[in-house]
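Report on the structure given below.
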Amino acid sequence: MQELAVDSEALGKRFGQHWAAQDVGLLVPEGVVFGFLGRNGAGKTTIIRLILGLLHPTCGHVRVFGFDVASQRLQAAGQIGALLEARATYDQLTGRENLDATRRLLALPTTEIDRVLEAVDLRDAAHRKVGHYSLGMRQRLGLARAMLGAPRLLVLDEPMNGLDPDGIRDMREIIRALPERTGATVFMSSHLLHEVQQTATHIGLMHDGRLLVQGPIHELLAMVAPTLLVRTNNTARAAELLTADGHDIECISAGISLKLAGGDPEAATINRRLIEAGLDVVELSLQQTTLEALYVDVQQSAKRAA
Amino acid sequence: MFVSLSVEFRKLKGSLIWLLAGVAPSLAVLATLIALRRPSMEWEFLFTGSTGLWSFFVLPMTVTALSALMANIEHGPRAWDHMFALPIHRWRLFAAKAVILMAVIGVMSALLAIELRIAGALIAAVDPAKAPNGPFLWDLATSLLTEMWATSFFMAMIQLWVALRFRSFVAPLTVGLGGTFIAVAAFNAPEAMFVPWAMPVSIVGYDGINALPALQLGVAGGVLTLIAMIVHMSRREA
């Protein structure tokens with residue numbers, strides 16, 4: 001049975017009267033890149049801080065590789081490397097000196113610094129003061145610091161926040177390669193759905209302090225009906241026909257979009273129906289199900305349930 | 001613990017703390033020489049004057065600034081989360097900061113004596129008629145400044161606690177200014193020895209009657225405050 005990097009039961013945190021996280025049962029398998037999704041204020045950072053032992057849970061508990069964070073903090077923290085805030089570095093020190101401060105506290109050999117600098121491609125800038133680093137370089141330095149001592153779990157809070165496209169691409173490549181390169185499990189929070197889809201193997205989706213869904217990304221995406229894009233020479237007429245046939249359509253600039261629950265046979269039926277009605281079908285294409293579609297779908301289901 | 005101390009010391013590289021530690025004793029010496037400019041002063045008079053000024057005003061204000069700067073090393077870049085997430089005992093971080101702060105105050109105290117001696121030598125070189133009389137009183141300097149340093153422990157721990165607890169500079173500054181003004185108001189009164197910010201000056205003030213109780217209170221209060229600070233800050237949610 002695969003070991004769990006993080007597991008929590010009925011985990012909750014209340015600030016005053018407000019529950020920032022409630023009844024969260026996380027299951028993060030070892031060796032995966034777990035994208036932890038949710039809009040701002042959904043409770044992602046609260047959960048991350050509970051995993052790191054920075055907050056005490058109001059109820060429930062969370063374990064890291066079997067170590068209870070509340071009662072075995074040092075053992076649990078010993079499994080984790082964390083990147084929480086890109087600017088949480090000492091600007092007056094060089095990149096190498098910043099890493100050295102943490103290395104000393106963790107009682108690691110000096111060779112660790114070169115190893116992690118190499119991993120994030122920051123060796124050439126290591127002698128420069130961090131105050132002169134770009135945000136992307138700071139993020140990579142923060143990731144390097146989290147990797148010191150080769151922890152089994154890397155917790156990254158919004159690692160792509162504020163990065164330019166090049167920075168995002170670099171960070172994505174580094175994170176994606178981490179499990180294979182280091183054997184570490186990556187737990188990464190983000191609200192950049194597109195980036196998570198390209199980086200993560202598993203996801204968990206938070207909404208209003210609750211974990212709505214979690215699991216392998218391909219399994220979750222398969223649960224969502226794909227979208228069919230229909231383009232004809234007469235959009236209004238096509239929309240009328242499809243609505244009359246009971247389809248829940250949406251008119252977009254590119255044509256008509258509709259959820260396709262019945263797969264290819266249903267697409268063929270729609271095609272035939274439009275042609276028989278004398279319309280020219282210019283485009284009939286299945287859109288790849290995106291994380292955004294899943295996100296919207298799950299959120300809408302949660303709202304309906306509430 | 002040695003590792004935590006070494007890391008805290010390294011973090012001070014490029015910090016304004018060293019500038020402050022160098023300038024503060026110089027200001028006390030300069031102010032003394034300006035205030036007491038008379039020919040052929042006794043070393044004891046000159047020394048009592050400079051340590052009085054030092055402990056009365058410069059030391060409390062400098063400790064206020066030092067503790068705020070030291071806490072800001074973590075507050076500024078929001079580095080507490082990183083430190084607290086590490087698999088190390090949190091109390092060591094706070095204990096190390098307290099030791100470094102007291103060490104810096106010790107260095108400043110030593111600088112005060114050294115700079116005063118250098119100032120006397122410079123005066124003697126430039127205008128021998130105004131040179132301080134007799135040999136420099138190293139024994140007096142050592143005992144007075146050591147006692148002041150030990151007595152400042154209470155004040156320093158209060159300031160450090162407030163500075164570490166609150167991210168804003170305003171909190172430690174308010175406490176430091178308030179404490180110093182209370183100390184000024186209570187100057188030479190018997191009650192002054194109960195005010196942490198007035199304890200160091202009690203070593204030389206009020207005919208020295210308050211010196212021993214102030215020293216005892218300063219050290220005991222410092223130890224208790226340090227323990228309370230470590231317990232509070234280590235258990236606090238980051």
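Just so it is clear, the structure is predicted and the values come from calculations on it, not from any experiment.
With hydrogens and angles ignored, the 3.5 Å screen pairs no side-chain donor or acceptor of A:R73 with any backbone N or O of B:A85. B:H82 places no side-chain N or O within donor-acceptor distance of the main-chain N or O of A:G142, the cut-off being under 3.5 Å.
Residues satisfying the salt bridge (charged side-chain N to carboxylate O under 4.0 Å, His left out) test with A:R49, not counting sequence neighbours, are B:D81.
By the neighbour-count criterion of 12 heavy atoms within 6.0 Å, atom CG of A:D166 is densely surrounded, having more than that number from other residues, nucleotides or ligands. Sparse packing is recorded around NE2 of A:H132, with 12 or fewer heavy atoms of other residues, nucleotides or ligands lying under 6.0 Å away. Atom CZ of A:F15 has more than 12 heavy atoms from other residues, nucleotides or ligands within 6.0 Å. Residue-environment remark: CZ (B:F94) exceeds the threshold of 12 foreign heavy atoms within 6.0 Å. Heavy-atom neighbours of B:W149 CH2 from other residues, nucleotides or ligands within 6.0 Å: at or below the threshold of 12.
For the side-chain hydrogen bond (donor to acceptor under 3.5 Å, both in side chains) with A:Y90, the lone residue among B:E74, B:K13, B:R10 that qualifies is B:E74.
Taking A:A88, A:A101, A:A146, A:A82 one by one and counting their heavy-atom pairs under 4.5 Å with chain B, the maximum is reached by A:A88. With chain A as the partner, the residue from B:R92, B:K11, B:R78 showing the most heavy-atom pairs under 4.5 Å is B:K11. With chain B as partner, the option from A:L84, A:L52, A:L55 having the largest number of non-hydrogen pairs under 4.5 angstrom is A:L55. The residue among A:L93, A:L83, A:V155, A:N98 with the most heavy atom pairs within less than 4.5 Å of chain B is A:L93. By number of non-hydrogen pairs under 4.5 angstrom with chain B, the leading residue of A:L54, A:D100, A:L74, A:T102 is A:L54.
One distance of note links CG of B:L86 with CG of A:L105; it measures 6.5 Å at 0.5 Å rounding.
Residue contact with chain B, scored on non-hydrogen atoms closer than 4.5 Å, is absent for A:Q79. At a 4.5 Å heavy-atom cutoff, the contact between B:R90 and chain A is made by backbone and side-chain atoms alike. For a residue to count as touching a neighbouring chain, one of its non-hydrogen atoms must lie under 4.5 Å from one of that chain's; by this rule A:D91 does not touch chain B.
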